[in-house]
Amino acid sequence: MVPTTSLLLLLGLALLAPGLSADQCVLTGNWTNDLGSNMTIGKLSSNGEFAGTYHTAVTTTKKEIKISPLVGTQHNNTQPTFGFTVNWNFTDSTTVFTGQCFVDEHGKETLKTMWLLRSHADSIDDDWKATRVGTDTFTRLRKRWE
Ligand SMILES: *[C@@H]1O[C@H](CO)[C@@H](O)[C@H](O)[C@H]1NC(C)=O
Ligand SMILES: *[C@@H]1O[C@H](CO)[C@@H](O)[C@H](O)[C@H]1NC(C)=O
Ligand SMILES: *[C@@H]1O[C@H](CO)[C@@H](O)[C@H](O)[C@H]1NC(C)=O
Ligand SMILES: *[C@@H]1O[C@H](CO)[C@@H](O)[C@H](O)[C@H]1NC(C)=O
């Protein structure tokens, strides 16, 4: 005969365990990537849309970098796939990102993304060389004292 308290404890652990493995990966917040670029993603709307800002550390142009707006959309599940577009407002280029938000057993979130960067071509003859492709990994940006 197992005492009632032990049964309750076992039941509690059983309920807790799946909760731990199913941590929610949340896009909202501040992120930094392998190049030192930062982005801020705002609150999700009820249909999974979001907006934010992107502060790139690198650019293909010689123009001064400015924080640029982004808009995107995500699925609603624990490790959602998403996509967003950055409309660079200091140059005539556009980047689209697509990726997935992963969360490990310690709650650490990682965004694995791929992007296409479309640069402005002066004529259709230059179209062939106007798109670059790459990958970026983002982690949550913590303040130094955190
Ligand atoms: C996120 O970044 C924005 C813009 O740089 C800043 O205003 C805000 O304080 C940051 N939030 C957190 C939680 O670090
Ligand atoms: C996401 O799904 C959860 C559970 O199904 C629901 O409670 C929540 O309102 C949904 N959120 C959005 C932004 O659709
Ligand atoms: C990103 O944020 C970090 C930490 O606040 C800062 O040191 C770095 O200069 C920022 N990068 C850009 C491109 O703003
Ligand atoms: C560029 O976008 C940022 C972020 O949305 C905004 O604060 C800024 O005013 C915009 N600048 C121009 C020149 O449109």
Side-chain angles (χ1 to χ4, degrees), residues 5 8-146:
T5 46
L8 284 175
L9 188 67
L10 276 174
L11 187 64
L13 286 174
L15 286 172
L16 203 62
L20 285 177
S21 60
D23 264 354
Q24 179 69 44
C25 196
V26 177
L27 277 184
T28 301
N30 290 351
W31 300 89
T32 190
N33 74 9
D34 27 341
L35 296 169
S37 298
N38 300 332
M39 68 172 172
T40 299
I41 294 182
K43 286 212 168 67
L44 286 184
S45 74
S46 57
N47 55 0
E49 292 169 0
F50 57 84
T53 54
Y54 200 104
H55 194 173
T56 184
V58 293
T59 174
T60 58
T61 74
K62 293 194 168 64
K63 291 175 182 151
E64 188 199 342
I65 290 171
K66 296 223 167 67
I67 296 175
S68 295
L70 68 85
V71 291
T73 182
Q74 70 149 79
H75 278 277
N76 182 21
N77 52 43
T78 55
Q79 299 196 99
T81 63
F82 59 84
F84 61 85
T85 301
V86 185
N87 188 351
W88 303 110
N89 67 13
F90 59 94
T91 178
D92 295 328
S93 308
T94 302
T95 300
V96 292
F97 285 83
T98 186
Q100 187 169 350
C101 191
F102 291 104
V103 59
D104 72 10
E105 66 272 27
H106 308 295
K108 184 181 194 296
E109 292 155 305
T110 305
L111 308 182
K112 297 295 283 185
T113 71
M114 258 191 112
W115 50 261
L116 293 171
L117 164 58
R118 174 68 193 204
S119 297
H120 182 86
D122 288 334
S123 79
I124 199 167
D125 295 337
D126 291 333
D127 174 67
W128 65 273
K129 62 177 178 183
T131 307
R132 291 173 169 82
V133 61
T135 59
D136 269 334
T137 300
F138 294 85
T139 53
R140 228 172 245 290
L141 182 61
R142 308 268 175 214
K143 296 210 179 76
R144 217 163 295 169
W145 55 87
E146 275 178 344

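Counting starts at 1 for both ligands and their atoms, in listed order.
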Thr40 side chain to Thr53 backbone, donor-acceptor under 3.5 Å: no
Polar side-chain atom of Asp34 near backbone of Thr137 as donor-acceptor pair, under 3.5 Å: yes
Asp127: side chain to side chain donor-acceptor pair (under 3.5 Å) partners, not counting sequence neighbours: Arg118
Any N or O of Asn38 closer than 3.5 Å to N or O of ligand 3: yes
Whether Ile65 lies under 4.0 Å from ligand 3, heavy atom: no
Donor-acceptor pairs under 3.5 Å, side chain of residues 90-100 to any protein atom, not counting sequence neighbours: which ones?
unit_1 : atom_1 : unit_2 : atom_2 : d
Thr95  : OG1    : Trp88  : NE1    : 2.8
Thr98  : OG1    : Phe82  : O      : 3.2
Gln100 : NE2    : Gln79  : O      : 2.8

Could you go through ligand 4 and list every pair where one of its N or O atoms sits under 3.5 Å from a protein N or O, giving the atom names and the distance to one decimal?
unit_1   : atom_1 : unit_2 : atom_2 : d
ligand 4 : 2 (O)  : Ile67  : O      : 3.3
ligand 4 : 2 (O)  : Asn89  : ND2    : 2.3
ligand 4 : 11 (N) : Asn89  : ND2    : 2.9
ligand 4 : 14 (O) : Asn89  : ND2    : 3.3

Would you be so kind as to tabulate the donor-acceptor pairs closer than 3.5 Å made by side chains of residues 60-69, with sequence neighbours excluded?
unit_1 : atom_1 : unit_2 : atom_2 : d
Thr61  : OG1    : Thr59  : OG1    : 3.1
Thr61  : OG1    : Lys63  : N      : 3.2
Ser68  : OG     : Lys66  : O      : 3.2
Ser68  : OG     : Asn89  : N      : 3.1
Ser68  : OG     : Asn89  : OD1    : 3.4

Enumerated ligand 3 atoms positioned under 4.0 Å from heavy atoms of Gly36: 11 (N), 12 (C), 13 (C)
Worked check of side-chain contact (heavy atoms from CB on, under 4.5 Å) between Leu111 and Met39: CA-CA 12 Å; Leu111 308 182; Met39 68 172 172; 3.7 Å; yes
Given Thr110, Leu27, Asn77, the one that forms side chain to side chain contact (heavy atoms under 4.5 Å, CB included) with Cys101: Leu27
